[in-house]
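Atoms within each ligand, like the ligands themselves, are counted from 1 in listed order. The figures here come from the full heavy-atom set of this structure, side chains too, leaving out hydrogens, waters and symmetry mates.
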Amino acid sequence: MSDALIITAAVNGAETMREQNPNVPYTADEIAIEARRCREAGAAMIHVHGRKTDGSPTQDRDTFGQILTAVRAQSDILVQFSTGGAVWMDVEERIEALDLRPDMATLTTGTVNFGDDVFKNTIPMIKTIASRLSEFGIRPEIEVFEIGMIDTALSLLAEGVLTAPLHFDFVLGVPGAMAARPEYLDFLVTLLPSGSTWSVAGIGRHELPLAYKALEMGGHVRVGLEDNVYLAKGVFAQGSWELVQKVAERARELGRRPVEPAEAKTILSLDRIKPS
Ligand code: KMH
Ligand code: ZN
């Protein structure tokens with residue numbers, strides 16, 4: 001098991017609003033400040049969604065351009081764009097900013113219930129996103145909300161739509177999808193092709209317990225206000241950075257080493273992908 005640990009901070013998401021935690025960053029400058037704090041706390045990458053000034057989600061290219069510029073002006077943290085956006089967005093809207101060439105971007109390989117909504121990702125939609133990622137040489141983080149999404153990713157790998165090595169993020173605990181059961185994580189990792197890397201994102205109160213389990217299993221970790229707004233029961237996190245800090249502290253106790261962005265790039269093979 002490698003001691004190297006990539007911590008990703010999911011700093012805002014599309015759904016978490018300031019009414020739930022006043023520290024959710026909306027503007028590019030707020031996101032950049034938060035990203036720098038996360039980097040200082042031990043994160044190597046942020047996962048980010050666009051927001052309008054009123055907090056409503058957007059995948060607008062200009063908004064992502066401002067985010068990328070602002071974040072890169074303040075730190076060397078890697079930037080992963082969401083291609084999931086919000087549940088009502090169409091696929092073209094979700095991927096219109098990818099020509100900005102973020103360090104990484106997400107790819108959800110299936111449709112799933114998302115609370116009372118449906119997060120739609122048909123096979124043609126997945127292929128459209130994958131092909132745009134490949135056009136710009138961006139490696140995907142495969143978001144797994146349900147187990148069949150692994151099978152679909154493997155089929156796409158066999159078809160040559162995706163290329164190895166794959167990086168998976170298991171999102172556990174979205175209402176209507178796979179629950180945040182620790183034993184699921186034990187099983188899910190057995191399904192990955194060798195050479196894959198993985199992280200876990202536990203939703204709500206499951207975030208830190210699943211993160212700590214991943215540390216013990218040798219996986220990577222995603223935490224942040226997109227997934228959970230609390231540091232402890234009844235205590236709001238002051239920002240995603242505080243959750244990152246908690247994971248980094250526990251990691252060091254367990255002999256895991258939060259890596260810098262440059263090392264994360266190597267671990268995730270981000271340098272080895274060429275635009276198609
Ligand atoms: N907001 C969710 C509907 C992603 O960022 O790629 C989708 C999501 C996944 O957050
Ligand atoms: Zn997201």
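- With ligand atoms numbered from 1 in the order given, ligand 1 contributes 10 (O) to contacts under 4.0 Å with heavy atoms of E226.
- Ionic pairing of K127 and E159 is present here: one or more N-O contacts between side-chain nitrogen and carboxylate oxygen are shorter than 4.0 angstrom.
- Using a cut-off of 2.8 Å, one finds that E143 contributes no N/O/S atom close to the Zn ion (ligand 2).
- Of the listed residues (Q59, H49, H47, M89), the one carrying the non-hydrogen atom nearest atom 8 (C) of ligand 1 is H49.
- Remark: D103 engages R72 in a salt bridge, criterion side-chain N to carboxylate O under 4.0 Å.
- Salt bridge E207/R222: absent, no basic N to carboxylate O contact under 4.0 Å.
- The shortest N or O to N or O distance between S82 and ligand 1 is under 3.5 Å.
- Taking the charged nitrogens against the carboxylate oxygens, R257 and E263 do have a contact shorter than 4.0 Å, which makes a salt bridge.
- In terms of modelled atom types and a separation under 3.5 Å, the side chain of T111 and the main chain of K120 share no donor-acceptor contact.
- Considering backbone and side-chain atoms alike, G85 places an N or O below 3.5 Å from some N or O of ligand 1.
- Geometry note: the Zn ion (ligand 2) is the vertex, E226 OE2 and H49 NE2 are the arms, and the angle is 100° (rounded to 10 degrees).
- Hydrophobic clustering (side-chain heavy atoms under 4.5 Å, transitive across Ile, Leu, Val, Met, Phe, Trp, Tyr) keeps M104 apart from W198.
- Atoms of ligand 1 found under 4.0 Å from any heavy atom of G84 (numbered from 1 in listed order, with element): 4 (C), 6 (O).
- For atom 6 (O) of ligand 1, the closest non-hydrogen atom of the protein is T106 OG1, 2.7 Å.
- Salt-bridge check for R36 with E40: passed, with a basic side-chain N closer than 4.0 Å to an acidic carboxylate O.
- Annotation for ligand 1: atoms under 4.0 Å from non-hydrogen atoms of E15 are 1 (N), 2 (C), 3 (C).
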